[in-house]
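Take a look at the structure set out below.
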Amino acid sequence: MQDRPEIDIEKLAVLARIELTGEEKTALSAQVADILGFFQKLQEVDVSGITPMAHPFEAAAPLREDVPADPWAASRSLANAPASRDNQVVVPKVVEDA
Amino acid sequence: MDAKTLIQSTAFDLGRALRKGNTTATEICTACLEQVARTDDQVQAFVSLDPEKILAAAEASDQRRKNGQELSPLDGLPVGLKDIMAIEGAPLTCSSRILEKFVSPYTGTVGAKLLSAGMIPFGRLNMDEFAMGSSTENSAFRKTRNPWNTDHAPGGSSGGSAAAVAARQCPWSLGSDTGGSIRQPAAFCGVIGLKPTYGRVSRFGLAAFASSLDQIGPFGRTTDDVAALLDIISGPDPYDSTSWPEYLEPAMVQLNLPEEPAVLGLPREYFGEGIDPEVRSQLEQVIEAYKGRGFTIREISLPHTELAVPTYYIIATAEASSNLARYDGVRYTRRSTESNDAVDMYFKSRGEGFGPEVKRRIILGSYVLSSGYYDAYYKRAQQVRTLIRDDFLKAFESVDAILTPTTPTPAFRIGEKIDDPISMYLADIFTISVNLAGLPGLSMPCGLSKDGLPIGFQLIGKPFEEGRLLQIGKTYEQASPFTGRPAIANPS
């Protein structure tokens with residue numbers, strides 16, 4: 001096994017916005033460290049001067065004509081919302097009272 | 001035609017029978033629904049199925065045909081869909097709790113193409129949650145079984161799509177392939193599966209896992225069926241800026257040209273240690289069959305092969321951590337009822353809604369993209385991706401296509417790898433490079449292990465040469481037809 005990097009699972013859970021149970025934290029810390037160890041193989045490769053590849057065919061990605069289209073009725077988008085009222089999504093309070 | 005004949009027929013033969021008036025869409029769909037009812041408790045391929053809707057669509061198709069207004073020669077044929085592509089009014093769960101009650105508000109491009117050809121969406125097929133996995137065990141809802149032996153996994157992530165076609169529950173289906181998710185389950189279930197060239201098929205309406213790797217593709221039981229379904233779903237799409245902007249020659253055109261012996265490359269890195277002896281001997285039989293047809297076999301090297309799995313899991317998890325940020329409990333996903341405030345709602349909704357493998361990959365993706373690690377992991381992986389693609393481009397200077405095993409072993413047992421992520425990741429060792437390079441890959445069944453489990457081989461082609469790839473596959477199909485079918489597919 002290659003080097004196992006240090007994992008700060010609390011920090012990663014915050015970055016990912018996922019609540020983890022204590023059990024999950026223990027399991028994930030070990031597994032993520034193992035997998036990152038497995039990734040270390042890439043550190044041995046000489047990549048100097050190699051262009052990073054973000055996409056299989058760089059020539060693609062054209063823009064379509066900028067033509068106005070009919071928007072959906074709000075009700076269609078809201079049909080899947082966990083809570084809605086007056087054609088808007090309801091969420092817990094975001095801004096505290098002054 | 002009787003139900004037994006209908007469920008064994010290829011989509012092509014069903015289309016012919018429809019055109020001759022020997023059967024109806026209602027008869028075909030009824031036969032498929034009966035086969036699901038008879039075998040679903042064993043195979044568990046479907047997340048949901050709406051017989052009423054299917055039969056209503058079949059009746060509408062029959063009416064069109066009666067009036068001489070069929071939308072295409074294949075009008076009325078049912079096609080199973082992986083539960084990851086959007087059809088307006090149909091559920092779309094990605095086999096995840098977080099989308100348990102989601103109903104698509106629109107139809108994606110592939111769905112629209114099927115509907116405009118008169119085809120009938122036939123159920124929502126099970127998958128690893130958000131297409132993350134190689135056994136379909138990561139579904140939040142059901143454990144799909146391999147129809148050849150229900151103790152074994154069907155592969156994944158499109159396990160439901162492969163199992164349903166193998167079990168004769170539908171003549172063909174669609175899946176998606178990010179690192180092998182069509183080809184590996186096709187090999188495990190003894191059917192044909194094609195991952196098209198990146199960009200050939202629109203991703204609009206496909207729930208995104210790793211956007212630079214995902215492609216929708218067909219499963220079928222003959223190369224003719226796979227080519228026909230590919231041709232229906234292919235083409236440029238103004239709603240997907242990564243779809244290839246030009247119209248391409250239909251695969252069916254090339255498939256029907258006279259056979260032309262090709263030069264096939266055998267990459268030595270794919271025939272090393274770790275291959276099951278039975279897989280190896282089946283591959284030798286395939287090589288002999290091609291030689292018998294006048295093909296030239298040439299040893300080649302793809303020197304960066306051993307870097308493909310780590311490269312893939314860095315790129316795929318990074319893209320997934322971004323793509324899955326949208327599932328936040330706010331607009332269209334399941335929201336935790338336990339949360340006190342908005343931020344807590346994100347954490348709890350995602351903590352409750354995602355399964356273990358999805359959490360693992362989002363966490364990994366967050367790590368490789370985080371400040372201080374980006375260059376060492378993500379950027380480096382993108383550079384190695386270039387090296388992997390260049391290996392293929394170089395190989396294609398001297399060969400027409402590349403021949404490899406699809407998987408190192410036949411289908412493993414359910415539960416065998418689920419607690420060992422790295423071992424599960426290595427199940428895709430022969431399929432992953434194809435996604436990184438954006439190439440088309442075809443898995444063909446070529447025999448059974450002594451335990452009666454299917455073995456598949458893979459053909460990798462040049463960009464957009466699916467027609468040639470399927471033609472080479474058809475040569476094998478004719479030289480050495482795979483006629484086996486699971487016992488479950490034979491109604492008594």
Side-chain angles (χ1 to χ4, degrees), chain A residues 5 7-9 11-21 24 27-29 31-32 34-45 47-57 59-65 67 72 76-84 89-96, chain B residues 101-103 105-106 198-199 212 238-239 241-245 306-307 310-311 313-314 321 325 328-335 339-342 344-348 350-352 354 356 359-360 362-364 366-367 370 376-377 379-387 389 421-422 437-438 463:
Chain A
I7 302 298
D8 182 349
I9 194 71
K11 185 184 156 204
L12 290 173
V14 170
L15 284 174
R17 299 286 188 275
I18 298 177
E19 185 170 273
L20 299 173
T21 63
E24 284 178 319
L28 274 170
S29 298
Q31 288 164 345
V32 169
D34 276 349
I35 296 166
L36 290 170
F38 172 66
F39 290 170
Q40 295 303 310
K41 206 184 270 182
L42 296 193
Q43 305 304 328
E44 299 153 18
V45 187
V47 291
S48 49
I50 305 291
T51 310
M53 177 178 167
H55 189 272
F57 304 106
L63 297 175
R64 68 170 179 266
E65 292 293 312
V67 184
W72 293 353
R76 191 160 153 195
S77 294
L78 288 169
N80 285 301
S84 65
V89 176
V90 175
V91 293
K93 197 170 179 182
V94 178
V95 183
E96 291 302 322
Chain B
K101 300 213 167 110
F102 185 85
V103 175
Y106 73 99
Y198 184 84
S212 78
Y239 290 105
S241 64
T242 64
S243 71
W244 190 247
E306 65 155 350
L307 303 173
T311 300
Y313 278 94
I314 292 171
S321 73
D328 54 9
V330 177
R331 294 150 300 155
Y332 48 77
T333 50
R334 186 179 177 278
R335 181 183 295 178
S339 53
N340 310 313
D341 57 48
D344 196 40
M345 176 184 69
Y346 300 141
F347 278 90
K348 290 213 164 67
R350 289 162 66 79
E352 293 168 13
F354 291 139
K359 288 179 184 170
R360 191 149 52 224
I362 294 174
I363 296 277
L364 267 169
S366 303
Y367 181 91
S370 61
Y377 288 97
K379 187 178 169 208
R380 179 169 282 262
Q382 288 187 314
Q383 289 172 306
V384 177
R385 185 177 182 181
T386 302
L387 296 173
R389 183 205 43 200
I422 293 177

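Residue numbers begin at 1 in each chain, while the letters A, B, ... track the order of the sequences. What you see is a predicted model, and the numbers here were worked out from it, not measured in a lab.
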Item to check | Listed partners of B:Tyr377 passing ring pair (Phe, Tyr, Trp, His ring centres under 6.0 Å), at least two apart | outcome: B:Tyr367

Which heavy atom of [X] sits nearest to which heavy atom of [Y], and what is that distance?
X	Y	answer
B:Ser370	A:Leu15	CB-CD1, 4.0 Å
B:Met345	A:Pro92	SD-CD, 3.5 Å
A:Ala16	B:Arg350	O-NH2, 2.9 Å
B:Gly351	A:Ile18	CA-CG2, 3.9 Å

Please look at [X] and chain A and tell me whether the side chain, the backbone, both or neither of the residue comes under 4.5 angstrom of a heavy atom of that chain.
X	result
B:Ala381	both
B:Thr333	backbone
B:Asp344	side chain
B:Phe354	side chain
B:Thr386	both
B:Pro105	both

Would you mind checking which part of [X] comes under 4.5 Å of any heavy atom in chain B, side chain (CB onward), backbone (N, CA, C, O), both or neither?
X	result
A:Leu42	both
A:Ile9	side chain
A:Leu12	both
A:Val91	both

Checklist entry - Do you know which of A:Glu65, A:Lys11, A:Lys93, A:Glu24 has the most heavy-atom pairs with chain B at a distance under 4.5 angstrom? => result A:Glu24

Checklist entry - Do you know which of A:Val94, A:Val47, A:Val89 has the most heavy-atom pairs with chain B at a distance under 4.5 angstrom? => result A:Val47

So, does [X] use its side chain to make a donor-acceptor pair with the main chain of [Y] at under 3.5 Å?
X	Y	answer
B:Arg331	A:Ser77	no
A:Glu19	B:Glu352	no
B:Arg380	A:Val45	yes

Next on the checklist: To the closest 0.5 Å, what do you measure between OH (B:Tyr313) and CZ (A:Phe38)?
Outcome noted: 8.5 Å

Checklist outcome for this item: To the nearest 0.5 Å, atom CD1 of A:Ile35 lies from atom CD1 of B:Ile363 at 11.0 Å

Do the non-hydrogen side-chain atoms of [X] and [Y] ever get within less than 4.5 Å of each other?
X	Y	value
B:Val384	A:Ile50	no
B:Arg385	A:Pro56	yes
A:Leu28	B:Arg360	yes

Next on the checklist: Can you classify the ring geometry of A:His55 versus B:Tyr198 as parallel (below 30°), tilted (30 to 60°) or perpendicular (above 60°)?
Outcome noted: perpendicular

Item to check | Test side-chain contact (heavy atoms from CB on, under 4.5 Å) applied to A:Val90 - qualifying residues, sequence neighbours left out | outcome: A:Ala83, A:Arg85

Checklist entry - Of the listed residues (B:Ser339, B:Ala376, B:Ser321, B:Gly199), which shares the most heavy-atom pairs with chain A below a 4.5 Å separation? => result B:Ala376

